Amino acid sequence: MSSSFFCPTKLVVSDDAAVDLIIELKNASPDGVFVITDQGIMQNGIASPLLQALHNAGFNPVIYDNVPGNPNIPDVKLALEKVKDKDISHIVAIGGGSVLDTAKAIGLLLADKDLDYEDVQWKRQQITKGSLPVIGVPTTAGTGSEVTHVAVIGDRNGFKMGVLNPALFLKTAIIDGKLMVSLPPRLTATTGMDALVHSIEAFLSKKSNSTADIFALGAMKSIVKWLPVAYRDGTDLPARNAMGIAATWAGIAFDQSSLGLVHALAGPLCGTYHLHHGLGVAVLLPTVLDFNASAISVDRWDSLRTALDLPTDAQPQDLGNWSREFLKSLDMPTHLSELGLTADRIPAIAESTTKMAMIGLNIRSAGLEDCKQVLANGL
């Protein structure tokens, strides 16, 4: 079967993000930089060395620091108001997935003033003029948005609509673990588990290919080793650096290979109970791995077992319990009932899951009754 691999984003694994940011902005005009971030990043001082470097280099950036955790179209429009009379040439995004996705949307809209993002979401309007250059500096090791060609922004009613287009690839992603040392243990765990699930689902996708597999397996191996370390000691810089690049590798993998049943279930589950996405996919992982085990071929299993550092005599049927023990090592819940799921909500969540496009790429085909059973088994 033929496959393709396309990731044009320049990846900078950095010892000093502030220095590398200035290098990446060498062609930007002094008044042409738009910095997008959030209140937490500003209040924690994470953005300070980057902003100071910009000022020291002669830039006068416009700063928007009010991106919410779940951005919608009105939030994007508020950010655009900051630069409506400015000649912006480059966008710098400092933050997690919400900030990066907001910056991606803004990049499109500043490149084409006639573009209506909601029309793009609902596929009535095509992206024809590309995007302004966006430089992303992730402050979490989880979403992988810095290397994907998708942005997930809610419409004006808050309905989450992903836009998938090559124009959404960032120009540059700068990965620096020092920017992640202040991430609290719980967020370290949930974002790290998001990255782990990305890598596992990409590898077990029907769309997987040998090139993307390299990134997926590398991410798994690194996350299994380093996430518990980063969780126990957030100041451990080798762990933070390893998690930063591993989450990016996982992002590359799933952007090329897509995801599966965990993420298909997570959309309606997290929406119903207003859960952090990383928490939702983490707790769904064991029950989905139980379901998928019978579909994992011998050749895929050998590679997967090695990447997850499982014993040589381990079998695919052991994956569910392995993942439960891994969650326990991060002090995370292992049952969906701990997230609030009750049996009476299962039919509706399962029905919504069957409408998620990624369910069709899961390694084992899953219909409505399968989704109900997976959720029930996870209680």
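Note that the coordinates shown come from a computational prediction; the quantities given were computed from them, not determined experimentally.
Side-chain atoms of Ser182 and Asn44 include no donor-acceptor pair closer than 3.5 Å. Counting only N and O atoms by type, the side chains of Asn56 and Gln52 include a donor and acceptor under 3.5 Å apart. Inspection of the Asp344 and Thr342 side chains reveals an N or O donor paired with an N or O acceptor under 3.5 Å. Judged purely by distance below 3.5 Å, without hydrogens or angles, the side chains of Thr9 and Glu146 never pair a donor atom with an acceptor atom. With 3.5 Å as the limit, one finds no donor-acceptor pair spanning the side chains of Asp290 and Asn377. A donor atom on one side chain and an acceptor atom on the other are not found under 3.5 Å apart for Ser14 and Lys178. Between Gln125 and Asp116, the side chains place no donor N or O within less than 3.5 Å of an acceptor N or O (distance only, hydrogens not considered). If you check the side chains of Lys372 and Thr353, you find no donor sitting under 3.5 Å from an acceptor. Side chain to side chain, Lys328 and Ser323 fail the donor-acceptor criterion of an N or O pair below 3.5 Å.
In this structure, the side chain of Asp65 does not engage the main chain of Asp38 through any donor-acceptor pair within 3.5 Å. Using a distance-only test at 3.5 Å, with no hydrogens or angles considered, a donor-acceptor pair links the side chain of Asp236 to the main chain of Ala239. Of the possible polar contacts, one joining the Thr287 side chain to the Val374 backbone as a donor-acceptor pair under 3.5 Å is found. A donor-acceptor pair under 3.5 Å is formed between the side chain of Asp176 and the backbone N or O of Ala17. The backbone N or O of Glu351 lies less than 3.5 Å from a partner atom in the side chain of Thr354, making a donor-acceptor pair. For Trp301 (side chain) and Ala314 (main-chain N/O), a donor-acceptor pair under 3.5 Å exists by modelled atom type. Looking only at distances, no side-chain donor or acceptor of Ser205 sits under 3.5 Å from a matching main-chain atom of Ala202. Within the 3.5 Å criterion, the main-chain N or O of Thr334 finds a donor-acceptor partner in the side chain of Glu338. Of the possible donor and acceptor atoms, one in the side chain of Thr272 sits under 3.5 Å from a partner among the backbone N and O of Pro268. A donor-acceptor pair under 3.5 Å is formed between the side chain of Arg364 and the backbone N or O of Phe291.
Between atom NZ of residue Lys171 and atom CD1 of residue Ile91 there is a gap of 12.5 Å, rounded to the nearest 0.5 Å. Taking CZ of Phe326 as the reference point, atom CG of Leu285 lies at 10.0 Å (rounded to 0.5 Å). Distance NE2/His274 to CG/Leu269: 11.5 Å, rounded to 0.5 Å.
Side-chain atoms of Leu310 and Asp318, non-hydrogen and from C-beta on, never get closer than 4.5 Å to each other. Counting heavy atoms from C-beta outward, Leu304 and Leu319 have side chains that approach closer than 4.5 Å. Taking 4.5 Å as the limit, every side-chain heavy atom of Leu204 sits out of range of all side-chain heavy atoms of Asn362. Counting only heavy atoms from C-beta outward, the side chains of Met220 and Phe203 approach each other to under 4.5 Å. Residues Thr172 and Ile174 form a side-chain contact, since some pair of their non-hydrogen atoms from C-beta on lies under 4.5 Å apart. With a 4.5 Å cut-off on side-chain heavy atoms, Val33 and Val62 do not count as touching. In this structure, the side chains of Ile127 and Asp112 stay at 4.5 Å or more apart for every pair of heavy atoms. Taking the side chain as every heavy atom from C-beta outward, Met180 and Met243 never approach each other to under 4.5 Å.
Note: the hydrophobic cluster containing Ile106 also contains Val163 (ILVMFWY, side chain heavy atoms under 4.5 Å, direct or indirect links). Residues Leu11 and Leu21 fall into different hydrophobic clusters, defined by Ile, Leu, Val, Met, Phe, Trp and Tyr side chains chained together at heavy-atom separations under 4.5 Å. Linking Ile, Leu, Val, Met, Phe, Trp and Tyr residues whenever their side-chain heavy atoms come within less than 4.5 Å leaves Ile200 and Phe254 in two separate clusters. Linking Ile, Leu, Val, Met, Phe, Trp and Tyr whenever their side-chain heavy atoms come within less than 4.5 Å puts Val262 and Ile223 in one cluster.
Considering every non-hydrogen atom in both Ile349 and Leu265, the closest pair reads CG2-O, 4.5 Å. Heavy-atom minimum distance, Leu341 versus Leu379: O-CD2, 3.5 Å. Across every non-hydrogen atom of Met332 and Ala189, the tightest pair is SD-CB, 3.9 Å. In plain terms, the two heavy atoms of Ala93 and Leu100 that are nearest each other are CB-CD2, 3.8 Å. Of all heavy-atom pairs spanning Ala282 and Leu327, the tightest one is O-CD1, 3.4 Å. Contact record, Gly244 with Ile175: C-CG2, 3.6 Å, taken as the closest heavy-atom pair.
For residues 78-99, the set of pairs meeting the salt bridge (Lys or Arg N to Asp or Glu O under 4.0 Å) definition, not counting sequence neighbours, comprises Glu81-Lys84.
In this structure, Phe215 and Phe5 have parallel ring planes: the angle between them is below the 30° cut-off, well short of the 60° mark. In this pair, His149 and Phe169 present their aromatic rings parallel. The plane angle is below 30°, not in the 30 to 60° band.
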Trace of the side-chain hydrogen bond (donor to acceptor under 3.5 Å, both in side chains) decision for Arg240 with Thr188: CA-CA 10 Å; Arg240 290 298 192 184; Thr188 297; 3.1 Å; yes
Chi angles and distances behind the side-chain hydrogen bond (donor to acceptor under 3.5 Å, both in side chains) call for Lys104, Ser145: CA-CA 10 Å; Lys104 290 179 180 183; Ser145 183; 3.2 Å; yes
Verdict with reasoning, Leu109 to Tyr117, per side chain to side chain contact (heavy atoms under 4.5 Å, CB included): CA-CA 7 Å; Leu109 295 170; Tyr117 196 81; 4.1 Å; yes
Pair Ile36-Val67, side chain to side chain contact (heavy atoms under 4.5 Å, CB included): steps then yes or no: CA-CA 8 Å; Ile36 299 170; Val67 176; 3.6 Å; yes
Derivation and outcome, side-chain hydrogen bond (donor to acceptor under 3.5 Å, both in side chains), residues Lys221 and Ser199: CA-CA 10 Å; Lys221 183 175 182 179; Ser199 58; over 6 Å; no
Candidate pair Thr235 and Asp233, rule side-chain hydrogen bond (donor to acceptor under 3.5 Å, both in side chains), full reasoning: CA-CA 5 Å; Thr235 64; Asp233 180 5; 2.6 Å; yes
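Contact check on Glu24 versus Lys10 returns a salt bridge, with a Lys/Arg side-chain nitrogen under 4.0 Å from an Asp/Glu carboxylate oxygen. Between Arg300 and Asp213, at least one side-chain N (NZ, or NE/NH1/NH2) sits under 4.0 Å from a carboxylate O, which counts as a salt bridge.
Both tests hold for Arg345 against Tyr273: distance to the six-membered ring centre under 6.0 Å, angle to the ring axis within 45°.
The environment of NZ in Lys26 is crowded: more than 12 heavy-atom neighbours from other residues, nucleotides or ligands sit within 6.0 Å.
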